[in-house]
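Scroll down for the structure; my scribbles are underneath it.
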2 protein chains.
Amino acid sequence: MALRHAVLAALLDGELSGYQLAKAFDVGVANFWYAQPQQLYAELTRLEREGLIAGREVVQESRPNKRLFQVTDAGLAELETFTAAATKPSFVRDDLLVKVQAADRVDTAALLTELTERAQMAQAKIDLFRSLLRRLRGDRTEEEFLRHGDRVGPYLTCLRGVAFEQENRDWCVRTIAVLEERRQLHARH
Amino acid sequence: MALRHAVLAALLDGELSGYQLAKAFDVGVANFWYAQPQQLYAELTRLEREGLIAGREVVQESRPNKRLFQVTDAGLAELETFTAAATKPSFVRDDLLVKVQAADRVDTAALLTELTERAQMAQAKIDLFRSLLRRLRGDRTEEEFLRHGDRVGPYLTCLRGVAFEQENRDWCVRTIAVLEERRQLHARH
DNA sequence: ACCAGCATGTAACCGGTTACATGATTGC
DNA sequence: GCAATCATGTAACCGGTTACATGCTGGT
């Protein structure tokens, strides 16, 4: 089980519903975890049954009722155990990189389109994460916030997200330039 | 099925045995895919059965015999189809980031150790990838190689690997500094 | 009228992980 | 003598993905 700790960590920010969590996990919760709604609802049910989170029904009028969840003491203890235990490093697994690996042996037209899209998606994420960072730190400087702010966890993971997506975007742009130049050279023969 | 294309792409460099592939995939083949030996042997069997790769037995004296595989025309066609089709973006999923997300609510001692280890592992990968890049480009400059070299795919993915691991290392170092400073502030109370 | 957003699930499937298994050679 | 490297697999499991399902409200 891997998602459970990501959910617990996400719920440290306060009470959230499954739907709200789903929105957060849809963009990857500041690029550190991605999950689909179905997975989350299932995981929330399990976590509640095990007493690691507590849910309460919130009745709404013009919308369907929802259940807000928060981490219990047992849940926090679980996170504590998890953080203390060693984990094996995670690896990148990206189809786009596989395609680039094969780029000099196959047609690159579609690949170039995809790389362009990826660069744009990366830029969109950068913008999103940057505004998130601004919201988190408020009117303090970054250094000030990281020293004395109360919830630096999300800020730090978000910084990683920004750096990752910048790298992503820059690499896409560079790769497009290289492949396009080689295409032209090849066309001229 | 996802691994199959990564294997096909890896085999574009020339004939390789399952064991050699396993070594490459163990470090993540320039950080674009990771897989275990068992997975590879199973996948190679499947790919050969489907005619996407062809294997030949190589008899060795002082070592167990091995089977070398190369991509067939059908395999190349499969790669072509794969590259032309759209893929959904991949997401980062890293336990270490989950831990950092929760860092201000749990004890960070073990986490700091792990971050240090990660920074070192990232540095080791950077060194590894850099030497790979040097080997690939030979005595040409990077620009020259990317313009006229014949196998730029591996070079480009390797560039991504270096950038990723640098980002990784820098973020670990930064995060350690932040968490450690907060620890001291908190200890003094 | 129709689509987007709110809100929550079930069930089947597949791919990746973990555990288990074997056996020879070379170097410390 | 022991560990590391070469070399190749099988089987059970689990977690993440895909497909399917429901129903109400508010805006264009």
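Bear in mind the structure is a predicted one, so any value in this text is a computation, not a measurement. Here is the naming used below: chain letters follow the sequence lines, and residue numbers restart at 1 for every chain.
- Using a cut-off of 4.0 Å between Lys/Arg side-chain N and Asp/Glu carboxylate O, A:Arg105 and B:Asp150 are scored as not salt-bridged.
- Atom CG in A:Leu44 sits about 9 Å away from atom P in C:dT8, given to the nearest Å.
- If you take OH of B:Tyr41 and P of C:dT17, they are 17 Å apart, rounded to a whole angstrom.
- Between A:Lys66 and B:Pro64, the residue whose closest nucleotide on DNA chain C is further toward the 5' end is A:Lys66.
- One interatomic measurement links the two molecules: CD of A:Gln38 to P of C:dT8, which rounds to 13 Å at whole-angstrom precision.
- With distances taken from any side-chain atom of B:Tyr34 to the nucleotides C:dT8, C:dT26, C:dT17, the minimum falls on C:dT17.
- The pair A:Arg46-A:Glu43 meets the salt-bridge criterion, with a side-chain N (NZ, NE, NH1 or NH2) lying under 4.0 Å from an Asp/Glu carboxylate O.
- Atom CZ in B:Arg4 sits roughly 13 Å away from atom P in C:dC14 (whole-Å rounding).
- What separates CG of B:Asp26 from P of D:dT5 is a distance of 11 Å, to the nearest Å.
- One interatomic measurement links the two molecules: CG of B:Leu21 to C1' of D:dC6, which rounds to 14 Å at whole-angstrom precision.
- Remark: P of C:dT8 and CG of A:Asn65 are 9 Å apart, rounded to the nearest angstrom.
- Residue A:Gln36 has a polar side-chain atom (N or O) positioned under 4.0 Å from OP1 or OP2 of D:dT18.
- Counting non-hydrogen atoms under 4.0 angstrom, A:Gln60 reaches the backbone sugars and phosphates but no base.
- A residue-by-residue look at B:Thr45 and B:Lys23 shows that B:Lys23 has its nearest nucleotide of DNA chain D further toward the 5' end.
- In this structure, CD of A:Glu43 is placed 11 Å from C1' of D:dG16, rounded to the nearest angstrom.
- Electrostatic pairing of A:Arg147 and A:Glu143 counts as a salt bridge here, judged by a charged N lying under 4.0 Å from a carboxylate O.
- OP1 or OP2 of C:dG16 has at least one side-chain nitrogen or oxygen of B:Gln39 nearer than 4.0 Å.
- Distances shown here put a side-chain N or O of B:Ser62 below 4.0 Å from the OP1 or OP2 atom of C:dT26.
- When each of B:Phe69 and A:Trp33 is assigned the nucleotide of DNA chain D with its nearest heavy atom, B:Phe69 is the one assigned upstream, toward the 5' end.
- Stacking of B:Arg160 on the aromatic ring of A:Phe164 is recorded, both the 6.0 Å distance cut-off and the 45° axial limit being met.
- Among C:dT8, D:dT8, D:dG16, the nucleotide with an atom closest to any side-chain atom of A:Tyr19 is C:dT8.
- In this structure, A:Glu80 contributes its side chain and B:Asp107 its backbone to a donor-acceptor pair below 3.5 Å.
- The residue B:Arg93 sits close only to the backbone: its heavy atoms come under 4.0 Å of sugar-phosphate atoms, none of a base.
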